[in-house]
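Starting off with a structure, shown below.
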Amino acid sequence: TEVNQRTCQILKVSRELLLGLDLTTIEDQRIIPHIQKASDGTDGVYEGEYISTVNDLKLLINMKASPVYDSNNNITGVIAIIQDVTSTQILKKAIQESEAHFKLIPMQNNDIVYEWNENTDQIIWYRDPGDICPKLRSINTMEKLNMVFASNNKFCFKDLWASTQKDES
């Protein structure tokens with residue numbers, strides 16, 4: 001087994017510990033079938049948790065393994081590229097949880113919360129605006145929203161006011 005310095009950094013071990021390591025002896029065998037695919041001539045891909053045998057380090061990795069060929073087109077080995085995606089996955093999960101929490105806020109009160117994409121003029125509603133004012137349901141651009149309010153500034157305000165009063169009683 002050969003290894004580069006970046007792999008040692010990812011696994012937090014010395015190069016000497018990994019050089020010559022027999023992969024059949026590692027405890028976490030989940031990557032082995034994907035390496036075996038590469039040794040059989042097909043690219044192998046593994047995405048998921050990996051627990052290091054050397055130090056019990058838990059990582060989320062993306063591994064891509066490909067066969068290595070000699071000049072006679074015989075497979076002479078496998079090269080695997082490992083990417084530590086632990087922090088990326090943790091951040092993605094935090095963002096998803098934050099978005100889910102944000103989407104609950106308008107459901108817990110009478111606010112109409114929306115996101116406006118300035119480049120496309122599209123509105124993403126985080127609550128069905130028709131729950132408060134049915135006339136708003138068909139509006140999906142800021143241009144339309146501004147036209148409605150500019151043409152009739154009493155538009156829906158009676159409905160909006162009535163809906164806020166219901167919750168306070």
Side-chain angles (χ1 to χ4, degrees), residues 1-132 136-137 139-142 145 167:
T1 303
E2 291 292 328
V3 64
N4 68 15
Q5 192 57 38
R6 181 64 185 132
T7 301
C8 297
Q9 291 171 344
I10 290 171
L11 296 174
K12 296 182 179 11
V13 296
S14 70
R15 190 166 191 268
E16 293 73 33
L17 277 173
L18 296 179
L19 281 175
L21 177 67
D22 180 356
L23 292 178
T24 62
T25 65
I26 65 173
E27 290 176 29
D28 191 341
Q29 292 282 304
R30 290 177 283 188
I31 63 171
I32 300 302
H34 308 282
I35 293 171
Q36 185 61 48
K37 279 179 82 173
S39 68
D40 293 338
T42 308
D43 287 346
V45 176
Y46 174 76
E47 296 178 351
E49 184 181 61
Y50 176 75
I51 302 171
S52 171
T53 299
V54 179
N55 57 13
D56 292 327
L57 180 68
K58 290 182 182 180
L59 300 169
L60 295 173
I61 63 167
N62 287 344
M63 182 195 74
K64 294 180 173 78
S66 297
V68 176
Y69 297 93
D70 65 13
S71 59
N72 295 323
N73 209 28
N74 297 312
I75 297 173
T76 59
V78 172
I79 186 166
I81 307 297
I82 299 170
Q83 180 182 18
D84 179 4
V85 295
T86 306
S87 58
T88 303
Q89 294 302 321
I90 290 170
L91 289 173
K92 280 183 182 178
K93 184 177 179 185
I95 289 169
Q96 289 170 344
E97 289 172 359
S98 178
E99 286 176 345
H101 178 72
F102 177 75
K103 288 180 181 181
L104 287 176
I105 293 170
M107 302 309 237
Q108 297 169 346
N109 58 47
N110 276 329
D111 293 338
I112 298 178
V113 178
Y114 63 88
E115 181 179 338
W116 175 52
N117 182 325
E118 191 173 357
N119 296 325
T120 64
D121 194 40
Q122 294 297 300
I123 294 176
I124 299 169
W125 298 99
Y126 288 101
R127 176 182 184 172
D128 181 358
D131 289 348
I132 294 175
L136 286 175
R137 188 172 277 135
I139 296 175
N140 61 0
T141 67
M142 186 59 78
L145 188 60
D167 285 351

Check: Got I26 and V54 here, is their nearest side-chain heavy-atom distance under 4.5 Å?
Finding: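 Not in contact.
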Note to self: Quick test of your reading: applying salt bridge (charged side-chain N to carboxylate O under 4.0 Å, His left out), list the pairs with at least one residue in residues 52-81, sequence neighbours left out, ordered by first then second residue.
What the structure shows: none
Next item on the list: Give a yes or no on whether Q5 atom CD has more than 12 heavy-atom contacts from other residues, nucleotides or ligands under 6.0 Å away.
Entry: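 Enclosed.
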Notebook entry, point to check: Which heavy-atom pair separates Y50 from I61 by the least distance, and what is that distance?
Noted result: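 Answer, listing the atom of Y50 first, then I61: CB-CD1, 3.7 Å.
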Item checked: Spacing of CG belonging to L60 relative to NZ belonging to K92, to within rounding of 0.5 Å -> 11.0 Å
For a quick test of your reading: what N or O donor-acceptor pairs under 3.5 Å do the side chains of residues 6-16 make, sequence neighbours left out?
{"unit_1": "R6", "atom_1": "NH1", "unit_2": "Q9", "atom_2": "OE1", "d": "3.3"}
{"unit_1": "T7", "atom_1": "OG1", "unit_2": "N4", "atom_2": "OD1", "d": "2.9"}
{"unit_1": "S14", "atom_1": "OG", "unit_2": "L17", "atom_2": "N", "d": "3.4"}
{"unit_1": "R15", "atom_1": "NE", "unit_2": "V3", "atom_2": "O", "d": "3.2"}
{"unit_1": "R15", "atom_1": "NH2", "unit_2": "V3", "atom_2": "O", "d": "3.2"}

Margin query: Run E49 and I51 through side chain to side chain contact (heavy atoms under 4.5 Å, CB included) and show every step you take.
Written below: CA-CA 7 Å; E49 184 181 61; I51 302 171; 4.0 Å; yes
Donor-acceptor pairs under 3.5 Å, side chain of residues 73-85 to any protein atom, not counting sequence neighbours: which ones?
{"unit_1": "T76", "atom_1": "OG1", "unit_2": "V68", "atom_2": "O", "d": "3.3"}
{"unit_1": "D84", "atom_1": "OD1", "unit_2": "T86", "atom_2": "N", "d": "2.9"}
{"unit_1": "D84", "atom_1": "OD1", "unit_2": "T86", "atom_2": "OG1", "d": "2.6"}

Margin query: So T25 and T53, do their side chains get closer than 4.5 Å, heavy atoms only?
Written below: no
Next item on the list: With rounding to the nearest 0.5 Å, note down the distance linking NZ in K93 to CD in Q96.
Entry: 9.0 Å
Checklist line | Between OG on residue S87 and CG on residue L59, distance to nearest 0.5 Å | finding: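 Reported to 0.5 Å precision, the distance equals 10.0 Å.
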Notebook entry, point to check: Between S39 and Q36, is there a donor-acceptor pair closer than 3.5 Å when you use the side chain of the first and the backbone of the second?
Noted result: yes
Checklist line | Considering all heavy atoms, the nearest I31-Y46 contact | finding: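 Closest approach of I31 to Y46: CG2-CD2, 3.7 Å.
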Checklist line | Side chain to side chain, T88 and L91, heavy atoms closer than 4.5 Å | finding: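 A side-chain contact under 4.5 Å is absent here.
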Checklist line | Nearest atoms (heavy-atom pairs only) where N62 meets E47 | finding: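 So the minimum-distance heavy-atom pair works out to OD1-CG, 3.2 Å.
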Checklist line | Side chains of N117 and D121 in contact at under 4.5 Å (non-hydrogen atoms) | finding: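 Sidechains of D121 and N117: no contact.
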